[in-house]
Structures are given as structure tokens and as C-alpha cells.
There are 2 protein chains.
Amino acid sequence: MDPILLTPGPLTTSADTRSAMLVDWGSWDGAFNALTASVCGDLLAIVNAQRDHACVPLQGSGTFSVEAALGTLVPRNGKVLVPDNGSYCKRIVRIMGYLGREVVVLPHGEQEPADPARIEAALTADAAITHVAQVHCETGTGILNPLPEIAAIVEKHGRGLIIDAMSSYGAIPIDARTLRFDALIAASGKCLEGVPGMGFVIARRAALEGSGGNSCSLAMDLLDQWQYMQKTGQWRFTPPTHVLAALRTAIDQYQAQGGQAARLARYSENCAALVSGMRALGFETFLPDALQAPIIVTFHSPPDPAYNFSDFYRRVRDRGFILYPGKLTAVDTFRVGCIGAIGPDTLKKAVTAIADVLGDMGVRRVARG
Amino acid sequence: MDPILLTPGPLTTSADTRSAMLVDWGSWDGAFNALTASVCGDLLAIVNAQRDHACVPLQGSGTFSVEAALGTLVPRNGKVLVPDNGSYCKRIVRIMGYLGREVVVLPHGEQEPADPARIEAALTADAAITHVAQVHCETGTGILNPLPEIAAIVEKHGRGLIIDAMSSYGAIPIDARTLRFDALIAASGKCLEGVPGMGFVIARRAALEGSGGNSCSLAMDLLDQWQYMQKTGQWRFTPPTHVLAALRTAIDQYQAQGGQAARLARYSENCAALVSGMRALGFETFLPDALQAPIIVTFHSPPDPAYNFSDFYRRVRDRGFILYPGKLTAVDTFRVGCIGAIGPDTLKKAVTAIADVLGDMGVRRVARG
């Protein structure tokens, strides 16, 4: 049996989703155009976005869509505030450097949620800041940032908000009727439980329509992609047809299972089963429960000299579960994803496998204290 | 039954290739890293590239890889000559405009292969030209450009050559031992008969290593992608895992079937069956046979008032074959692809379907004369 992916995308998908890739689609064909339109319509509906927003799908990984949103929606003389509490925030800063656009970093600790008061102070202090780029759930640690509070402040100050909702979209509530943003970015292979290969940007139409001339990249010019799609129903360049077909099927299942509320409930059960099981083994979570999104959990590595991650990883993999390495430089950690077409029973089995592996490795000290 | 795609990618793939997508892969896992390494090794070997070259895979459509190669390998103060005989040449010019780098267009007719003598004259006249960007098989018409002659001239003048081999790689011979280039670009879903979702660049190592600081895009910085992959065996950002698995399986079949020579032989048979069958119905090819690559064929539309493409397309589709629209502005044409996991029998059946449709539509005048 193939191992279960306890990783934050690619993740374990359902057999139905994978089977949707057994058909070849013509990228110019009306049936495929209808598939694209139906997926985009549903991606808008999931966050209650309607006439004021547009959904622009884009080839590539989620990071391609993040860069496309920044490069298309931030003017060349724009200035972007990045509240930084993890590696995906740092990636945004790196993208801005490549794009040659000004950036102001607001450093936070990795266990500290982005602070609305500090964001407000930064916006008040610097009228040249045009946009705030905010990661919703920072996958580097698993921390959930207070998006509604941040969005309210950014709106109050009349700046644009660009949200990296890669690992939250579809699971954590986001309501475009009450939360103002210029762009909300996610991808096929995360909480919608599709396969990786495309991202999408839910853009505020007025912001998108005013973005002409901003992009320094043809491939990642969201305005050009959107205008072409409006005119022809087609993607500008060859779409990942099988990935889109899988996403269509994954969204069908998402809707049939009860949408965002049901997905959040299942992931929360997964997370609770994982954390309580791991704590019973002595593991400590990097984050306090109040800051933990039910998407991916960072655990401290056991301090026992018999432990090393690569051996641990390999042995857990042999028992059918693929873990994820830590992404923190200062602390030795590893991560376990709670998302994908899996339920709490799977997480419980993973905890059992981890317990067995600790025994096999002779790891006795698991807690740091 | 699903329709056969007579389109230049996405195309009809084999059942084995599609079935390879039924497995979820962890993008950090050693087994997936081995998959990436084996695909890259084979992509180099197909063009006899060895230690002097590197294969850099990239998420997205083939155009993303074309832009990435231009953006990474052409310095910011570089100047690129584009011999233009079709829509994919014009796309390169458009990319260069976005990248803000200087370009010199060498206009050709769409029925005229890129002219080595004119390229040589342009290089002689303008010492500031650093690179030539050459489309190998121009998919807009189906014309084959004389790549070896052009490469020899570019090498003689000490300039860099960037080849868009999107629809030729794997079918038309390209030998990296005798043909010097800085970058050769293709994608998963063309003559290798994988599914769409990733491209790749075979880069001359010295050119790639010297490209630091050129790219204006993090996502499309081939040097950064390559260095990270060298160090970790992994893609920098989430790879299209299922697309790569399908490509691995497609390359296995490519090799088992006899590699490039066998693929060219099959496509040539496909093309011959198509063209002779269509000519028997009165259709005229846009290109003379001597210039026609066996990849995609452009036909003049019938002059009969009873003909219109959208009706023709729909009726041929109902009989199981998906055609491709023309891409020429001055002449009314349509295109039929010869590539994909299909043989000459399929093309013969497509011609029969087209004959039936002409009858149903009451199209009597097919030839223009």
C-alpha cells in the first residue's frame, strides 16, 4: 500500500480525485472551458465572493500564484508591508526583492501571531506603504494569524491586502463579503484536496482591472490571463488539464461532504487526535494550542541522543506514513500535516507507528523538560 | 469513448501514462527525489547531453520554461535576436518586452523557414546582440526551422542560442554533442506524450552558472531552482508530483518503443496518412511538404460557403476527434496534430470522419483553386 502523506500538500487525495485524471482533455475544447468556468465559479463561492471579485487560475505551484498576485497587483513604485512570523512570509520578502519593489518587514517571533496593533502603527508611520502581504496560516510553523483583525486595519487605512491563504483556503473561514482584500491566493493541492499543479488568485475586480502595466512577467501577468479567459473561456497557455479535472472532482467531494465547516471539523478532529496522541508519548508542540491552526503541527524533536530525524522519518515511512521536516532554524523540530483525504483514525495509526518507531530506535527521552 | 486529441499538446496519452497518476507522492520523499533525478537524467540523454549540460525542470506550461530560460540566461543588458516566422516567435518577443530586455525581430513570412544567411547578416551588423532565440518547430504553422545551420552560425559568432524545442524535442533529432546551445526548452505534454503541467530547460552548465542576478522572478529563476535541486534533490516549490510520475512512465514507453528514431518514424507515418488522406478530399496544406514538420499540419479552410470552423469542429468532435483552430491572421486555416499515443490508423479514421462531416455539412468545394 502507498504511504499516507502527512504533509501540507502534496497530500493524500481520494481515489475518485486521482481517477479523474484518467481522461485526456482538449485545452481548446468547449467541455474543458466549461470545466474551468465551473471550478472558478466554485472557488469564488467558497469564500462568498461574487460580482466584485474574479478568480484567475494559474499554472504552477502556489508560490507561482503568490508571485503573480504581488507582481500584478502591486505597482512598480508600490511598497509592501510584510508582517513576518515564518518561512512563507520570508518567501514573500524574497519575491519582492526579485520583483525590485520596495518592502518593509515587520519582524515577529515564530511563536507570535502577526500583531494587528503593530501593523496599524506601521501603516500610520509610513503613508508610502501601498499594500500589506499577510500569510493566513503560516505553514512553516502551523500558526494561524488573525486575518479578520488585520484586514479591518488595512481597510481602515485604505491600503491593499494580499493574502497568502495557501494552507487555509477551504478549511478556515474567509468571507469576502466582510473581509476586504485585493488578492486571496491558494492552490489545488491543499485543503481542497486536489493534486498539485495549479494555483489561483481571487482578486478584487477593481484592483485587477487597474493593474495594467505592473507585471514584469508574461507568464505571471494575472490581468492578461484573466482578460484572455474572459474573452475566450480558455487559458492563455497550455493548462494542466488533468490537474484541473482532479480539482473539479475534489471540489465535488468537498461540497458533498459539507463544505468549509465540515472540512474544518474533520481537520480539527485530525489535529486533536494527533496532538493528544503525541502528547501521550511525551512530544511537545512548538505552538500553544490557542495559536495552532488545525492544518500542520510542529513538534519539538526528542532530546534523546538515540533520535535523529532521517532515521525516524525512514522508519515511520516504512510503517506507512510520510512525515515532514521542520522549517525552523533555531529549534530542532519536525512537522505532521492534518490535511488530506484522511480522518482521525489515520492520525491515531500514525501516532501508534511513531510510538513503535521510538521503541525500535531506543528513544526514551521524548519530552525536553 | 473519450475523443482523440489531434492537437499539439495536451494530446492523447497512453492508458499506462494516465494510470501513473493514481499514486500520491511526497514531494520531500527520497522515492520522489529519485523520480525527479531519473527523469532529468533521461531528458539529458535524449539529446545526448552529458556533463556540460544540466536539466532544470520547472512547474507550469512550456511557456513558463521559455520565459524562465530567457529571463535567467539573458543578462539584463542583453539583446536578443528573434527570427520570426510564426506565433511562438512572436510570443518570445512579447516575453522580452515584459522582461524589459532589448530585442531585434527578424521578420519572415509564415511559409518561410528562418534564414541562416539573414541571421548571420544580423549578427554581423549588430555586435550588441548577445543571444538568438530560435523556435525549432513553429507550432503556429507546423514549419521546421533549420536548427543545425542556425546553431552553427550563432556559435561561429560567439553568441548564445536559446531554442524553443517545445513541439520537436524527442521527435526531431537534436544532438547536444554537435549543436551548441545555452538553453533547449520543451515540456512534458508534447512529443514525450506525458500530460501537461511542467516544462524543462536543458541548459549549458557554464551559461547557467554564470546567470546569477539575471532573473526578475523568484519562481522562474532557473539557477536558483537548479542549485536547490543539486543541494537537496528536491524542487524548491511544490512540484506537480502526478505530472512527473506520468512523465516518468511516458519516457519508459518512449525508450521501450525505440526512442527518438521510432517516435519520428511513427509521427512521419501519421503525418503522411493525414496529408494524403486530406489531399484526396481536396484539402490543401498551408506549407509545401519540404518545410512541413511531422508534428502538426495547417490546412486551408474550404472556400465553400457551407463551411464554417465551429460547426466543422463540433461535428468532427461528435465523431471522436478534436481538431485545432488555425493560428494565422491573414489566411483562414485549421490545424491537425500528428503527435500523441496514436498511429496512422487513427489519422485515417479522422480523415474518414472529416469526409463524412463535409458531406453532412454540404461542403462541396474543398480546394481553393
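Every chain is numbered from 1 and lettered A, B, ... according to where its sequence line falls, protein lines coming before strand lines. The model shown is predicted, which means the values in this text are computed figures rather than measured ones.
When the candidates A:Ser27, A:Ser217, A:Cys216 are compared by the number of heavy-atom contacts under 4.5 Å with chain B, A:Ser217 comes out ahead. Your options are A:Ile322, A:Val195, A:Thr7, and the one with the most heavy-atom pairs under 4.5 Å with chain B is A:Val195. Of the residues considered (A:Thr63, A:Thr17, A:Leu22), A:Leu22 shows the highest number of contacts with chain B, using heavy-atom pairs under 4.5 Å. Contacts with chain A were tallied for B:Gly71, B:Ala31, B:Gly60; B:Gly60 has the most, counting heavy-atom pairs under 4.5 Å. Contact tally against chain A (heavy-atom pairs below 4.5 Å) for B:Gly100, B:Ser215, B:Gly197: the top residue is B:Ser215. When the candidates A:Leu6, A:Thr13, A:Leu11 are compared by the number of heavy-atom contacts under 4.5 Å with chain B, A:Thr13 comes out ahead. Taking chain A as the reference chain and counting heavy-atom pairs below 4.5 Å, the highest number among B:Val66, B:Leu323, B:Ile95 is found for B:Ile95.
Between B:Ile92 and B:Tyr88 there is no side-chain heavy-atom pair separated by less than 4.5 Å. For the pair B:Phe299 and B:Arg335, the minimum side-chain heavy-atom distance is 4.5 Å or more. In this structure, the side chains of B:Asp16 and B:Gln253 come closer than 4.5 Å at one or more pairs of heavy atoms. Between A:Met220 and B:Met220 there is a side-chain heavy-atom pair separated by less than 4.5 Å.
The ring-ring contact (aromatic ring centres under 6.0 Å, His included) test applied to A:Tyr98 returns no partner, not counting sequence neighbours. When the ring-ring contact (aromatic ring centres under 6.0 Å, His included) test is applied to A:Phe321, no partner is found at least two apart in sequence or on another chain.
For B:Asp29, the parts lying near chain A are the backbone and the side chain together; criterion is any non-hydrogen pair under 4.5 Å. The contact between B:Leu5 and chain A is made entirely by side chain atoms (from C-beta outward), counting heavy-atom distances below 4.5 Å.
In terms of modelled atom types and a separation under 3.5 Å, the side chain of A:Asp84 and the main chain of A:Gly86 share a donor-acceptor contact.
Considering all non-hydrogen atoms of both residues, A:Met21 and A:Ala246 come closest at CG-CB, 3.8 Å.
You'll find the ring centres of B:Phe334 and B:Phe312 inside the 6.0 Å limit.
Residues of residues 221-229 of chain B having a heavy atom under 4.5 Å from any heavy atom of chain A, listed by number: B:Asp221, B:Asp224. Within residues 233-242 of chain A, the residues having any heavy atom closer than 4.5 Å to a heavy atom of chain B are A:Arg236, A:Phe237, A:Thr238, A:Pro239, A:Pro240, A:Thr241, A:His242, listed by residue number.
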Begin with the C-alpha distance, continue with both residues' side-chain angles, and end with the deciding distance and a verdict on side chain to side chain contact (heavy atoms under 4.5 Å, CB included) for A:Trp25 and A:Leu35. CA-CA 10 Å; A:Trp25 295 77; A:Leu35 200 70; 4.1 Å; yes
Derivation of the side chain to side chain contact (heavy atoms under 4.5 Å, CB included) call for A:Ser14 and A:Glu193: CA-CA 8 Å; A:Ser14 75; A:Glu193 301 181 359; over 6 Å; no
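Atom CZ in A:Arg101 sits 8.5 Å away from atom CG in A:Leu70 (nearest 0.5 Å). Here CZ of A:Arg18 is found 4.5 Å from CG of B:Asp24. Values are rounded to the nearest 0.5 Å.
With salt bridges taken as basic N to acidic carboxylate O contacts below 4.0 Å, one links A:Asp311 and A:Arg314.
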